[in-house]
Amino acid sequence: QVQLVESGGGLVQPGGSLRLSCAASGSIFSINAMAWYRQAPGKQRELVAHITSGGSTNYADSVKGRFTISRDNAKNTVYLQMNSLKPEDTAVYSCTIKYKDSKLPGLFDNWGQGTQVTVSS
């Protein structure tokens with residue numbers, strides 16, 4: 001059983017910053033990729049940022065230069081530093097991992113429960 005626990009969401013004014021965290025625990029042998037997605041009301045879920053096991057990153061065009069994804073492999077945790085937040089960044093943010101289980105063969109995906117980020121004055 002693998003669980004992802006997210007934290008760090010909340011209400012922030014335009015131009016402000018938030019840092020999201022997502023800690024994975026359970027029967028994890030190793031984590032390949034980690035990513036953050038978001039879904040705003042009435043919109044499809046979109047990829048925000050992605051990071052590989054080697055540290056390579058990619059971002060949605062809408063967040064480039066403002067958001068930074070990072071990971072701590074020792075803690076099985078992925079972070080999303082969000083700066084210069086805009087009202088259009090308002091959404092539920094969810095983390096996901098692709099990992100090797102310590103008990104089962106193959107690669108698996110798992111998702112966090114999501115955390116609300118609201119950017120408003």
Reported OH-to-CZ distance for the pair Tyr59 and Phe67, which is rounded to 0.5 angstrom
10.5 Å

Where do Asn83 and Ser17 land on the side chain to side chain donor-acceptor pair (under 3.5 Å) test, with the steps shown first?
CA-CA 4 Å; Asn83 299 328; Ser17 298; 2.9 Å; yes

First locate atom CG of Leu11, then atom CD of Gln13, and finally report the distance between them rounded to the nearest 0.5 Å.
8.0 Å

Honestly, is Arg71 close enough over Tyr79, meaning NZ or CZ under 6.0 Å from the six-membered ring centre and within 45° of the axis?
no

Supply the atom-to-atom distance Ser27 OG to Tyr99 OH, rounded to the nearest 0.5 angstrom.
6.0 Å

Between the OG atom in Ser30 and the CG atom in Asn73, the distance rounded to the nearest 0.5 Å is 9.5 Å

Can you see whether Tyr37 engages Arg45 through a side-chain donor-acceptor pair at a distance of less than 3.5 angstrom?
no

Test Asn32 against Leu107 for side-chain contact (heavy atoms from CB on, under 4.5 Å), laying out the working first.
CA-CA 9 Å; Asn32 291 10; Leu107 285 174; 3.5 Å; yes

When rounded to the nearest 0.5 angstrom, what is the spacing between CG in Leu80 and SG in Cys95?
10.5 Å

Got a donor-acceptor contact below 3.5 angstrom from the Glu6 side chain to the Gly114 backbone?
yes

Main-chain N/O of Val2 paired with Asn110 side-chain donor or acceptor, under 3.5 Å
yes

Can you check whether Val117 reaches Leu20 side chain to side chain, under 4.5 Å on heavy atoms?
yes

Does a side-chain N-to-carboxylate-O contact under 4.0 Å join Asp89 and Lys86?
no

Nearest 0.5 Å please: distance from the OG1 atom of Thr96 over to the CH2 atom of Trp36.
10.5 Å

